[in-house]
Amino acid sequence: MEHTKGKNDFTALGKRMPRTEDHRLLTGHGRYIDDIDVPGALHACFIRSPYAHASILSINSTEAEDMPGVIGIFTGKDLAEWTTSLRMAPSIEGVKPVEMTTLPIDKVRFHGDLVACIVATDRYIAEDALELVEVDYEPLDPVTNMFKAQDAGSALVDETLDTNLVSHQTFATPDVEKVMAGTDRMIETNFSEHRQTHLPIETRGIIAEWDAGREHLRIHVGTQAAHPYRTAIAGRMKLSESQVTVISPDVGGGFGQKIALYREELTVAALARHLKCAVRWREDRFENLLAASHAREDWVRTRAAVDENGKLKALSLEIVEDFGGYCFYPANYLARVIAMILSGPYKLDHYAFDVKVVLTNKCGNGPMRAPMAITSWIMEGTMDAIARDLNLDPVDVRRINMIREDEFPYQMASGETLEDINPFETMEKGLSIIGYEELRSAQAADRERGIYRGIGICNVVESTTYGSKFYKSAGIPGSGHESAWVKIEPSGAVRGAVGISATGQGYETAFAQAIAEGLGVDPLEVKIEIGNTDIAPYGMGSRGARGGTAGGGTAYLAGLEAQKKVLAIAAKMLALNTADQLCMKEGKVWRCIKDDWTETELTLADIARTAYLDPTKLPDGMEPGLEVHKAYDPPPMTYSNSSHFCQVSVNINTGEVTFDRYLIVENCGTVINPLIVEGQQHGATIMGISGTLFEHVVYDENGQNLTGSLADYLIPTAADVPELEIVHMHTPNKRTPAGIKGMAEGGVMGAIGAVSNAVSDALAPFGITIDKHPITPDALRALLRNKS
Amino acid sequence: MKPAKFTYHTPDSLEAAFQLLGEYGDEAKIIAGGQSLIPVMNLRLAQPEHLIDINAINGLSQIREEGDIITIGALSRHREIETSALLKERLPLLPEAAMRIGHLAIRNRGTIGGSLSNADPAAEWSLMAFLMDADIEITSARGTRMADITDFIQSVYTSDLSADEILTAVKFPPIAPGEGWAVCRISRRAGDFAIVSVATTICLDTSGAIENLRLCIGGMDVTPVRISHVEHAAVGQMPNEAWIKSAAEVASGIGSPESDMHASAEYRREMAAHLTAEALREALKRCGGGA
């Protein structure tokens, strides 16, 4: 890309500056949904199913409706009159079309599914009324096991389908079967992730206000994708997008849970219009755990054909994923990406995959940081399995298979192209920092003394930024572009907006740095406005790790374009023929005379004043004002890479896992703000550890969710997780603005693999390999008990 | 997660509280720290019509020693017990146990009287009270009565407290100088209720043989359990590894533990043995005034 400069040329990009939003967030001046007062707003609460699978025979709400303060009780039939259904029918081979109404009408599909909505003058009264509504259910056979769900005789989660298998996709390179059949050694490895949920600190919530005079809907909602959200809600309420404003204020975390338009939110918005009054809803923690959105729960098997040195000849992958009861996303959305990027940093010519996605009577799944999180564990666990089978060192197996620096760009067997990454270098660097050889000797000596320590390695190739071309080729609907504007006001004040919405990532700081770099001003001079569809340009939202490349990259390009216009005016004001020898630096125009840069008298404020208030001085034909709009579609896929090294001790008496060391060597190219990158690495890695060791949504065989509070759904405290050492490397991406690659999910991928492999390594003397999560003390004791 | 409607009372004397209890009986609930009651009210698992807040009543939060009995007022916060100089010297198990209760914010609010009245079998105070044979002081308009802890805590969330009574104090004997002690537990995370917990005190005679042993285990039954036959048989024994292992084996067979999503019954039995051995070893190290 022509604008790419060397890393050292940047002044605002790469600056380790504190996040500008933190002062308000840390001093209690953030504005989350509950901080927004709307006088007279009514409160909604939802009646939810106590059954996993049941027909709704009748709903008797007469007594509840008579309670003082109750405005009304609304069912699926009511909502069907005011809103359209969600039809999920992408033209993707292997994915079956499905449809859901705004609220269920005839039957419920999971414990916590929606039955009706109560609106009252406050939430207390609404919950009092809830106890008086009588719902008559006829329980149906619950479908709770994704394998049995595929049996011919299984009850159907969705009767419009003739099977619970909602998506089935396969792929094979031409010779994969032949190569597999001709290989002596076939190593089969299993992996299984359990069901988890996103657990944002701020649960879902919405305030919907209907302006009956102007026929306009204003919504405050915590969302990662304000514009697509507006498109969705306008469509389903049969409004024009011009009739809806979506404002996403400060948001207490999303992690993928706040992308879709949820049924509760649509119901509240439709009721605001119906009742001609503001209606608000705050999801409580019980609801969030039961019914917001879940993630993971899959079973995976790899079959690796290798030679006697552990060199990978061919690989096949099977995935079965439990998607829950509803499709808020195309059913192939999550598992497909795993299959596409599986081989990561390793050379592989022959590859096949078979990916099945199954509906069950559980809460619907969605993307959770990282949707493809299991990928690195699968591949690195397969590498460890090869090493075990051939009695080789796991590092040697990685070395023999890894793509070397001079082999990039590398086209993966799935068709994706990797470039500008350095997995071999990050792995070798990490190995030398931890002193791998010495750790192995110490491990052997410890085992003699009954101390079981393990070393886990996980090399991550993280797909960060999805361009429109990737979506197209992966058969997933969507665009990967992003847009931004920069407006320099007459005083020289700089405002910037980017379409993407923030949920705590520090975008206001990062985007200010990106625009500042492009424009040539101090980042603190740039005010960022995001999360309001009337202000920010249409963007595709925060998902994947696209904030850096798509958000930051577009902001940077918009800044550059603004600088171009500023300098064109400056050239005219300085009576020069061209702006070629001018640049902006710290808000001032600099001029190059004979290779020597010197400051001119002109400031951004001078130029802005001219642009707005003295336009006759502008270059011929130039529009007055200083406003720039820029849209940018990133390359098909941008990759970052990292290597995780984890050393654990397993107490074989109690099954407890403790961390001795955790090192990450990461390379996310040009860094916008090192503090934010470190924060993202910490957050992501701890999230991966948390899912591997603690978090677990537990359903019993009848589909009852047993983890409805944070006493049962466990997330670690600071005392339960390791300190992280992080080493940074920077290989810029040649095809993105400023060489930004993005990062935010790789830490999750690395932690899952590194921790699992470390525990397996610790327990190798017992012949135990971790193939299932979560790794709890109870589960480890059960494995040890069975081996002794 | 909003509680059902209730009336909130703040009596400033025990007499006023008794009057309210007399008036509302079963429809009333006493609230002290609220660390267990408020969550169950928010989940509407409990819907008391009257909440009687006893925090304004004076004299219920002292920690004092009189004639070889340590009295802890029912309103004493976990944090006060954790930091009490008297207890650190005379009954150091209690500050040690208090440290493991939840997190600082919880310890600043939660009270020992509330915890014992709630009779959660996994609570630290139940374990301590069973270990030390604590006496519970119960007061009502009818007067004051004392109950042995084994009579007071009857089962899971079931204590011997009539609708007109308030738990007002807990009485513990201090440990003897040179008496060893230990509190060991296992939980999924720092601050969680224990899956299994073991507490012990050991007194050795001048020959190094066991003179007196208390050994109590939580998480294995509906209440904490004293392992009395190990306690009795220990007297006169030399506390060597073989004895520790045999005691641990007995501990693993105690009670009728149930499986839940955090631990299977089998795991609890294994941990009972493991923690018993750990606790005995740790207590022996402290015997004779060692740290």
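Letters A, B, ... mirror the listed sequences (proteins, then strands); counts begin at 1.
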*Which residues satisfy the ring-ring contact (aromatic ring centres under 6.0 Å, His included) test with B:His274, sequence neighbours excluded?*
none

*Got a sec, which pairs hit side-chain hydrogen bond (donor to acceptor under 3.5 Å, both in side chains) with one end in residues 244-260 of chain B, sequence neighbours left out?*
B:Asp260-B:Arg268

*Counting only heavy atoms closer than 4.5 Å, note whether A:Pro777 contacts chain B via side chain, backbone, both or neither.*
both

*Measure up the B:Phe6 and B:Tyr8 rings against each other and bin them: parallel (under 30°), tilted (30 to 60°), perpendicular (over 60°).*
perpendicular

*Do you know which of B:Arg188, B:His103, B:Lys5 has the most heavy-atom pairs with chain A at a distance under 4.5 angstrom?*
B:Arg188

*chain B heavy atoms under 4.5 Å from A:Asn653: which part of the residue, side chain, backbone, both or neither?*
both

_Under a 4.5 Å cutoff for heavy-atom pairs, which residue among A:Arg285, A:Glu131, A:Arg123 has the most contacts with chain B?_
A:Glu131

*Region of A:Leu710 that comes under 4.5 Å of a non-hydrogen atom in chain B*: backbone

_Structural part of B:Pro3 lying under 4.5 Å from a heavy atom of chain A_ = both

*Using a cut-off of under 4.5 Å on heavy-atom pairs, state which of B:Ala4, B:Ala263, B:Pro39 scores highest against chain A.*
B:Ala263

*Establish, yes or no, whether a centroid distance under 6.0 Å links the rings of A:Tyr452 and A:Phe766.*
yes

*Taking A:Asp128, A:Leu706, A:Leu714, A:Ile715 one by one, which has the highest count of heavy-atom pairs under 4.5 Å against chain B?*
A:Leu714

*asked:* Heavy-atom pairs under 4.5 Å with chain B - which of A:Thr717, A:Asp284, A:Thr776 has more of them than the others?
replied: A:Asp284

_Proximity breakdown for B:Gln47 and chain A, heavy-atom pairs closer than 4.5 Å_ = side chain

*asked:* I'd like to know if the side chain of B:Ser197 pairs up with that of B:Arg185 as donor and acceptor (distance under 3.5 Å, no hydrogens or angles considered).
replied: no

_Test item: side-chain donor near acceptor, A:Tyr713 and A:Glu695, under 3.5 Å_ = yes

_Can you tell me which portion of B:Met1 sits under 4.5 Å from chain A's heavy atoms? Options are side chain, backbone, both or neither._
both

*Could you tell me whether A:Glu287 and A:Arg282 make a salt bridge, using a distance below 4.0 angstrom between a side-chain N and a carboxylate O?*
no

*Identify which part of A:Ala711 has an atom lying under 4.5 Å from any heavy atom of chain B, answering side chain, backbone, both or neither.*
backbone

*Do you know which of A:Ile125, A:Asp700, A:Asp712, A:Leu693 has the most heavy-atom pairs under 4.5 Å to chain B?*
A:Asp712

_Approximate separation, where rounding is to 0.5 Å, of B:Ile227 CD1 and B:Ile254 CD1_ = 4.5 Å

_In terms of relative ring orientation, are A:His696 and A:His194 parallel, tilted or perpendicular, with 30° and 60° separating the classes?_
perpendicular

